[in-house]
Amino acid sequence: RLADPRRLDDAAANTIAERQPVIVAIGMSIHATEIAATQTAPELLHTLATSNDPEVQRTLRDIVLILFPSLNPDGHVITVDWYRKWKGTEFEGSNMPWLYHKYVGHDINRDAFMMNMAENRSLSQFFYRRWHPQVFLTMHQMGPRGARYFVPPNLDPIDRNYDPLVWRTAGLLGHAMALALEEDGRTGVLQNALYDYYWPGYEDSAPLGHNTVTLLTEAASVRVASPLTVAADQLTGGRGFPDHSPSTTFPSPWPGGAWTLRNIVDYNLSAARGFISGAAKYRGELVRNFYRMGKKQVELGARGGPFAYIIPPDQFDPHAARKLEQLLLEGAVEIRRALEPFRYQDTVYNNGADIIFMAQPFRAYAKTLLEVQQYPVRRLAPGAAVDRPYDVAGWTLPLQMNVRVDRIDQYFDPGPTTNVDRLEIPPAKVWGDARRASYYVIEAHGNAGSIAINRLVKSGARVSFLTSPMPLLGYTYQPGSLLVAEAKGARESVEKIAVELGLRATASGGRAPTDTLPLGRARVGLYKPWVESIDEGWTRWLLEQYEFEFENIADADIKKGGLRARFDTIVLPDMGAERMAGGHAAGTMPPAYVGGLGMAGADMLRQFVDAGG
């Protein structure tokens, strides 16, 4: 109820806040090789469940703690299996030759608003539909040669759409963690450096637009679970952290020496103690401010600038428009659909236009995803180099996805609307007399056209591209539309595509045009090196989503040659040529996974291209 302040007045909200525990969530190890947080979870849980300490007892009266022992459990299993296999050998603590997620590896934490991965869709349900936690802490690891531990406040810049209470509360609880770490004698704790919260793509930054205060910890890593030693003269700085001299943000430097998994777990336990204790002490403020932030977002949206965003129904790519609206709905952004045509200034919108009114509690999230980003230019001193972003600096989704989204700054009344709670592309039909057809034409612009082509070719249909406009029954199909010859099963395939993908189609008799480009199915090989490649994983995922058939090929497959007989196209992931050629150096990885394409593989790729591949 507090998550939607439009359903409460202040008196009712305050009554709830008087008795409502603060909902606190802690997420562990979304990056599976950062295993220490997952190892922390059972000890933390056991301590809270069994402790008779008065502070713990008081804390548990004022909070509800939701603990995710692993945000990437499949990846955790992969990591642990690899580590145990080589423990006690020269390869103990080595990197894996594959991703610790089926598709995206480290990018599992770069998918929080696109929600392409099942893990992130599940997490969004937890955050935005079920629990609405007021506070979320996520525990990560960083490189081994910097500070031992990072806690908020974060570094600038911030996303200016989010309520200032978010940043103040993160600072409050970050300092509560830092205080607990200092009390427990944990040195090397850093604040106000390294990590900013400008981009909403992390699992701990997307919730900021939903009035959830999120915090990040980063611990210096070991070799997966094996200890290492870092001498004092090997310690380095980073963004906002030039060296290891004492400062207000780094008052007790770590002197160097041995660093172990047990050390990281101890730091995590201290930070968790400070975090949940601080949340309990400020329970009332956290709960009330959660309501206040949502109420303020509603009020800001009602004022306008923007008042709403409109997504017209007549999109070049309805498939992409549906995807954009789907990720907004999964992020609990409200969408209304106009039931009648309406006008705003000089623009007439047809019925079926979708409207995102900004007077809603998660306004900041919607605005951040839909508006154009202007990353702030920051310099540490006049004339100094521009401070580079930690991560993504722009992501404007309407431009990225080629979807028309109109920003409306002032109040308007679209007439009657209905709530959009699920999205489907309206089914199209096959025009003309299919019983007498000699061919079909399908409108195929946009991403759904790729799926249509792949389905048709897989069914055995003869498919080609139109190369010039073609009028049929009062409608003109543009170049790039698909021409499908009538044959057994063609009618059923075309009708299914029209219904499932919403692509207009027309059946026609007579002679088919001849100025077309025939389409076949390319035999695709996707190179999968033993150096783990996130881009290979994303490419594999994308090919699967759009129903392309392909085969993963490794170094040995390429080196043995004969590629042109097997493939028309070979896709190389976006990675450096040296990494593809050299792979892992001998001695750093078990022998089966060392080396790369080498000159032999490069020669085979050259032969493939020379032969027309």
Side-chain angles (χ1 to χ4, degrees), residues 30-33 72 74-75 78-79 82 94-112 114-120 199 201-202 391-393 395 400-401 447 450-451 454 521-586 588-590 592-613:
I30 194 169
H31 294 142
T33 52
N72 180 9
D74 297 332
I78 293 168
T79 300
W82 175 264
S94 64
N95 293 327
M96 294 183 293
W98 42 68
L99 299 170
Y100 55 71
H101 180 279
K102 180 178 180 181
Y103 294 110
V104 299
H106 205 75
D107 273 0
I108 188 174
N109 190 32
R110 302 294 190 276
D111 184 47
M114 291 302 288
M115 289 182 268
N116 292 307
M117 298 297 121
E119 294 88 347
N120 291 310
W199 182 49
Y202 314 117
D391 221 309
V392 179
W395 54 87
Q400 294 259 348
M401 302 176 76
N447 290 333
S450 296
I451 300 174
N454 286 329
R521 182 183 287 275
R523 299 168 301 162
V524 178
L526 173 59
Y527 174 52
K528 187 174 185 177
W530 289 125
V531 177
E532 74 283 0
S533 169
I534 294 176
D535 192 61
E536 182 278 327
W538 274 118
T539 304
R540 179 163 30 90
W541 175 83
L542 193 71
L543 292 173
E544 290 179 9
Q545 296 301 303
Y546 289 92
E547 302 182 21
F548 287 89
E549 292 184 355
F550 67 96
E551 179 183 344
N552 266 127
I553 52 176
D555 297 320
D557 299 309
I558 293 176
K559 288 177 182 178
K560 71 182 179 184
L563 297 172
R564 189 66 186 94
R566 297 172 59 197
F567 301 111
D568 302 302
T569 296
I570 293 175
V571 181
L572 303 178
D574 182 13
M575 55 189 296
E578 290 184 3
R579 292 190 79 202
M580 275 192 278
H584 290 290
T588 64
M589 182 74 64
Y593 308 113
V594 300
L597 287 172
M599 288 306 299
D603 286 342
M604 291 304 172
L605 288 174
R606 185 183 300 279
Q607 290 179 30
F608 169 76
V609 173
D610 288 343

### Query
Do NZ/NE/NH1/NH2 and the carboxylate oxygens of Glu551 and Arg566 come within less than 4.0 Å?
yes

### Query
So which heavy atom on Glu549 is nearest to which on Val524, and how close?
O-CB, 3.8 Å

### Query
Which atom pair, heavy atoms only, marks the closest approach of Met580 to Pro573?
CE-O, 4.3 Å

#### Entry: For Ala556, side chain to side chain contact (heavy atoms under 4.5 Å, CB included) partners two or more places apart
none

### Query
Any salt bridge between Asp568 and Arg521, counting N to O under 4.0 Å?
no

### Pair Tyr593 + Trp98: ring centers closer than 6.0 Å
yes

### Task
Using distance alone, with no hydrogens and no angle criterion, decide if Asn552 and Tyr527 have a side-chain donor and acceptor under 3.5 Å apart.
no

### Query
Is any NZ, NE, NH1 or NH2 atom of the basic residue among Glu544 and Arg540 found under 4.0 Å from an Asp or Glu carboxylate oxygen of the other?
no

### Message
If you compare all heavy atoms of Arg110 against all heavy atoms of Trp199, which two are closest, and at what distance to 0.1 Å?
### Response
CD-CZ3, 3.2 Å

Under 3.5 Å, which donor-acceptor pairs link side chains of residues 595-613 to any protein atom two or more places apart or in another chain?
none

#### Entry: Pair Asp74-Tyr100, side-chain donor/acceptor within less than 3.5 Å
no

### Query
If you round to the nearest 0.5 Å, how far is CE of Met401 from CG of Asn447?
8.5 Å

### Message
On a heavy-atom basis, which atom in Ile558 and which in Ile553 lie closest, and how many Å separate them?
### Response
CG1-CD1, 4.0 Å

### Query
side chain to side chain contact (heavy atoms under 4.5 Å, CB included) with Ile534: which residues, sequence neighbours excluded?
Leu99, His106, Asp107, Trp538

### Query
Between the side chains of Asn116 and Gln545, is a donor N or O closer than 3.5 angstrom to an acceptor N or O?
no

